[in-house]
Colleague: 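I'd like to ask you about the structure that follows.
Naming: A, B, ... by sequence-line order, numbering from 1 per chain.
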2 protein chains.
Amino acid sequence: MEYEEYITERQKRLARYAKAMGHPIRMYVLELLSRQSCCYSGDLTEILPIAKSTLSQHLKELKEAGLIQGEIQAPRIKYCLNWENWNEAKELFKHFMSD
Amino acid sequence: MEYEEYITERQKRLARYAKAMGHPIRMYVLELLSRQSCCYSGDLTEILPIAKSTLSQHLKELKEAGLIQGEIQAPRIKYCLNWENWNEAKELFKHFMSD
DNA sequence: ATATTTGTTCGGTAAATTACGAATAAATTG
DNA sequence: CAATTTATTCGTAATTTACCGAACAAATAT
């Protein structure tokens, strides 16, 4: 799965971010965080009709893609956007879709 | 997999488009098409180090997501962006990421 | 010290994705 | 009509994703 010479780093990063956004639940979470700056996963399990373990997996995906981050505020975890990467993603998408 | 009441139609559409963009090969194709308006899959198989059947599958995904369309120009097929949906996607992403 | 709260990780299953080569389809060229 | 060109579809295998409930970990509250 190495297209090193054909596909740019930009394209790979865009694909990575897009993949992370490619699920309704994850879009929901991202949109929430972009509006209200942070939330606890408990807030989400109360709203969304999925098992908490499933939500945890989705949050993990978003974390691994770099789009969100969790700050421990025991016994809970406060989730926020990772602004650095979020802004990079914004920039990449903006540029990509502005042609 | 029905989150009807929690997740907006916008979010679902965004997720659908994002999912289609979530692979380096597909990003490459989209970027190419957004630059040069159209191409033949033969052009792509010459460049990209993947089997033509694999490419065909990726093109099918993009088609099913509504992002591209193919016009038969026998014996080849000319691929272009589906501008209507492409513009919708642009609009959705722009709005989503502008918060 | 024990119970409670909050979330992650584990184990498992079903479905989707990615990839390839071979077979097929459809039109054109010789 | 046969051979060639072009791209899709089929058959198959490996990997990843999505989902759940149960078990676990970590801190707080009783």
Colleague: For a side chain to side chain contact (heavy atoms under 4.5 Å, CB included) check, start with the C-alpha distance between A:Y28 and B:K12, then their side-chain angles and the critical distance, and finish with the verdict.
Modeller: CA-CA 9 Å; A:Y28 176 92; B:K12 288 184 209 162; over 6 Å; no
Colleague: From C:dT8, D:dT9, D:dA7, pick the nucleotide closest to the side chain of B:I77?
Modeller: D:dA7
Colleague: B:I25 CD1 to C:dT18 C1': how many Å, rounded?
Modeller: 11 Å
Colleague: Check side-chain contact (heavy atoms from CB on, under 4.5 Å) between B:E46 and all other residues, then give those that pass, not counting sequence neighbours.
Modeller: none
Colleague: So, is B:S56 close to the D:dA7 phosphate, meaning a side-chain N or O under 4.0 Å from OP1 or OP2?
Modeller: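 No.
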Colleague: Rounded to the Å, how far apart are A:K60 NZ and D:dT17 C1'?
Modeller: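 After rounding, the gap between these two atoms is 12 Å.
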Colleague: Check the distance between C:dT6's C1' and A:E71's CD and give it to me in whole angstrom.
Modeller: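 Value for this atom pair: 16 Å.
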Colleague: Rounded to the nearest angstrom, tell me the gap between atom NZ in A:K78 and atom C1' in C:dT6.
Modeller: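 Checked: the NZ to C1' distance equals 16 Å.
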Colleague: Please report, rounded to the nearest Å, how far the C1' atom of D:dC20 is from the NZ atom of A:K52.
Modeller: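 Atom NZ in A:K52 sits about 12 Å away from atom C1' in D:dC20.
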Colleague: So does B:S41 get a side-chain nitrogen or oxygen closer than 4.0 Å to the phosphate oxygens (OP1/OP2) of D:dA7?
Modeller: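 It does, given that an N or O in the side chain of B:S41 lies less than 4.0 Å from OP1 or OP2 of D:dA7.
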Colleague: Using a cut-off of less than 4.0 Å, is there contact between a side-chain N or O of B:Y79 and OP1 or OP2 of D:dT6?
Modeller: no
Colleague: Whether A:H58 contacts D:dT17 is assessed here as follows: a side-chain N or O lying under 4.0 Å from the phosphate OP1 or OP2. Is that the case?
Modeller: no
Colleague: I want to know whether A:F93 and A:W86 have ring centres closer than 6.0 Å.
Modeller: no
Colleague: Parallel under 30°, tilted from 30 to 60°, perpendicular over 60°: which one fits the rings of B:H58 and B:H23?
Modeller: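 B:H58 and B:H23: tilted rings.
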Colleague: For a quick check of understanding: with a heavy-atom distance under 4.0 Å over all strands, which category does B:I50 fall into, base, sugar-phosphate or nothing?
Modeller: sugar-phosphate
Colleague: Counting side-chain heavy atoms from C-beta on, which of D:dT8, C:dT9, C:dT28 comes nearest to B:P75?
Modeller: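 Selected nucleotide: C:dT28.
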Colleague: What is the distance, rounded to the nearest whole Å, between atom NZ of A:K63 and atom C1' of C:dT9?
Modeller: 11 Å
Colleague: Whole angstrom is fine here: how far is it from CZ in A:R76 over to C1' in D:dA29?
Modeller: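 Nearest whole value for this atom pair: 15 Å.
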Colleague: Under 3.5 Å, which protein N or O atoms sit close to an N or O of nucleotides 11-17 of chain C? Give each pair with its distance.
Modeller:
{"residue": "C:dT17", "atom": "OP1", "partner": "B:K19", "partner atom": "NZ", "Å": "2.4"}

Colleague: Which one of A:K19, A:M21, A:M97 satisfies the side-chain contact (heavy atoms from CB on, under 4.5 Å) criterion with B:M21?
Modeller: A:M97
Colleague: Rounded to the nearest 0.5 Å, how far does OH of A:Y40 lie from OH of A:Y79?
Modeller: 12.0 Å
Colleague: If I take atom CG from residue A:N85 and atom CZ from residue A:R13, how far apart are they, to the nearest 0.5 angstrom?
Modeller: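 Answer rounded to 0.5 Å: 7.5 Å.
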Colleague: Nearest whole angstrom, please: distance from the P of C:dA19 to the CG of B:L55.
Modeller: 11 Å
